[in-house]
Amino acid sequence: MLVALLLASPLVAAPAASAASGGASPGSVTPVSSASPTATPSPVTTATGDGITVTTNVSALLGRALAFTGATAPTSAGDTIVVQRLDPQAGWVSVATGTVDPGGAFSVPWRTDHAGRVTVRTVLEQSASASQAGQVSPTLQISVFRPSIATFYGKGFFGQQTACGTVLRRSTLGVASRTLKCGTPVKIFYGGRSIVVPVIDRGPYANHATWDLTQATAQALGMLGTATVGALPL
């Protein structure tokens, strides 16, 4: 990896266990490790109000389908449920539609089209009952991750110092980034699980990867090799 370049760099006083192929001076970041790294299953979020209950996952990958399921009054059977996303400039934008079934339930898939923290809601339209027209659910907050390639590293570098000044251990949670400031928290999403870890290193510069996870981070997510993940700096 970047051992040769790190040794040649005048800015690094000690060999670094970096995921990069080029060195960088240590940043001011507190070494971070965990004896029992864990990632949490991506939870769901639910909102109830104005006669509508809606549930969806709190995390999704950009361009993938995200389902909004829920229920309203059975008298709304056949009416239209609209999923809307809040746009800072355009306001509420309709992104997906579905139909309420005879029992009042609905399931509307939205192929996510915007990365980042997204505010969404559902709207009941064309209700058979005038008293129910224009029903709007409370808003929900979800994280939509831009897909990117990630690798992981560890073996052969344990006990060495990363480009950000962290001594790499088997239990160290962290990620290498080419551009983010050392210590920046990044939420990583993979296989329906997510974990928040700090930037502790520079790289990667190989395999067309954008992120290089520490071994402990990869294990916490259940990642066995190079994979597509979602990542969102916080």
Side-chain angles (χ1 to χ4, degrees), residues 1-43 57-61 143-234:
M1 304 187 37
L2 53 61
V3 175
L5 289 178
L6 284 174
L7 291 174
S9 172
L11 298 178
V12 180
S18 176
S21 295
S25 59
S28 55
V29 60
T30 302
V32 177
S33 64
S34 171
S36 55
T38 58
T40 58
S42 181
N57 288 328
V58 300
S59 300
L61 286 178
S143 296
V144 179
F145 299 89
R146 194 176 300 278
S148 51
I149 301 298
T151 52
F152 69 87
Y153 70 110
K155 185 176 181 180
F157 296 102
F158 296 132
Q160 298 184 38
Q161 190 179 74
T162 70
C164 292
T166 297
V167 176
L168 189 67
R169 309 292 185 190
R170 291 184 181 275
S171 60
T172 301
L173 295 174
V175 62
S177 167
R178 294 189 291 271
T179 59
L180 293 177
K181 182 180 178 182
C182 292
T184 301
V186 180
K187 187 175 184 179
I188 308 292
F189 176 67
Y190 173 77
R193 302 177 69 83
S194 63
I195 191 169
V196 178
V197 296
V199 172
I200 65 164
D201 211 345
R202 290 287 168 251
Y205 296 109
N207 302 316
H208 305 289
T210 302
W211 309 95
D212 207 1
L213 314 182
T214 64
Q215 179 175 301
T217 303
Q219 289 176 339
L221 291 167
M223 195 174 106
L224 301 178
T226 300
T228 298
V229 303
L232 186 66
L234 302 178

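- The 12-atom threshold is exceeded at CG of Leu234, counting heavy atoms of other residues, nucleotides or ligands nearer than 6.0 Å.
- In this structure, OG on Ser143 lies 11.5 Å from CG on Asn57, to the nearest 0.5 angstrom.
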Next on the checklist: The test is side-chain contact (heavy atoms from CB on, under 4.5 Å); show your working for Gln219 and Phe152 and say whether it passes.
Outcome noted: CA-CA 9 Å; Gln219 289 176 339; Phe152 69 87; over 6 Å; no
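- For the residue pair Pro198 and Gly183, the shortest heavy atom distance occurs at CB-O, 4.1 Å.
- Nearest heavy atoms, Ala163 versus Asp201: N-OD1, 3.1 Å.
- To the nearest 0.5 Å, atom CZ of residue Arg170 and atom NZ of residue Lys155 are 8.0 Å apart.
- One N or O on the side chain of Thr162 and one on the backbone of Ile200 form a donor-acceptor pair closer than 3.5 Å.
- Residue Ala176 comes nearest to Pro204 through the heavy atom pair O-CD, 4.1 Å, listed as atom of the first residue, atom of the second, then distance.
- Ser177 approaches Trp211 most closely through the heavy-atom pair CB-CZ3, 3.9 Å.
- Distance alone, capped at 3.5 Å, places no donor-acceptor pair between the Thr166 side chain and the Leu168 backbone.
- Residues Val175 and Thr217 are not in side-chain contact: their nearest non-hydrogen atoms beyond the backbone lie 4.5 Å or more apart.
- Checked by atom type and distance alone, the side chain of Arg178 never pairs as donor or acceptor with a backbone atom of Arg202 at under 3.5 Å.
- The shortest side-chain heavy-atom distance between Leu213 and Leu221 falls under the 4.5 Å cut-off.
- Using modelled atom types, one side-chain atom of Thr214 and one backbone atom of Thr172 make a donor-acceptor pair closer than 3.5 Å.
- If you take SG on Cys164 and NZ on Lys181, they are separated by 11.0 Å, rounding to the nearest 0.5 Å.
- Thr151 places no side-chain N or O within donor-acceptor distance of the main-chain N or O of Thr226, the cut-off being under 3.5 Å.
- Residues Pro147 and Val229 are not in side-chain contact: their nearest non-hydrogen atoms beyond the backbone lie 4.5 Å or more apart.
- Here the straight-line distance linking atom OH of Tyr153 with atom CD of Gln215 works out to 11.0 Å at 0.5 Å rounding.
- Considering every non-hydrogen atom in both Lys187 and Phe145, the closest pair reads O-CE2, 3.5 Å.
- Leu173 CG to Ile188 CD1: the interatomic distance, rounded to the nearest 0.5 Å, is 11.5 Å.
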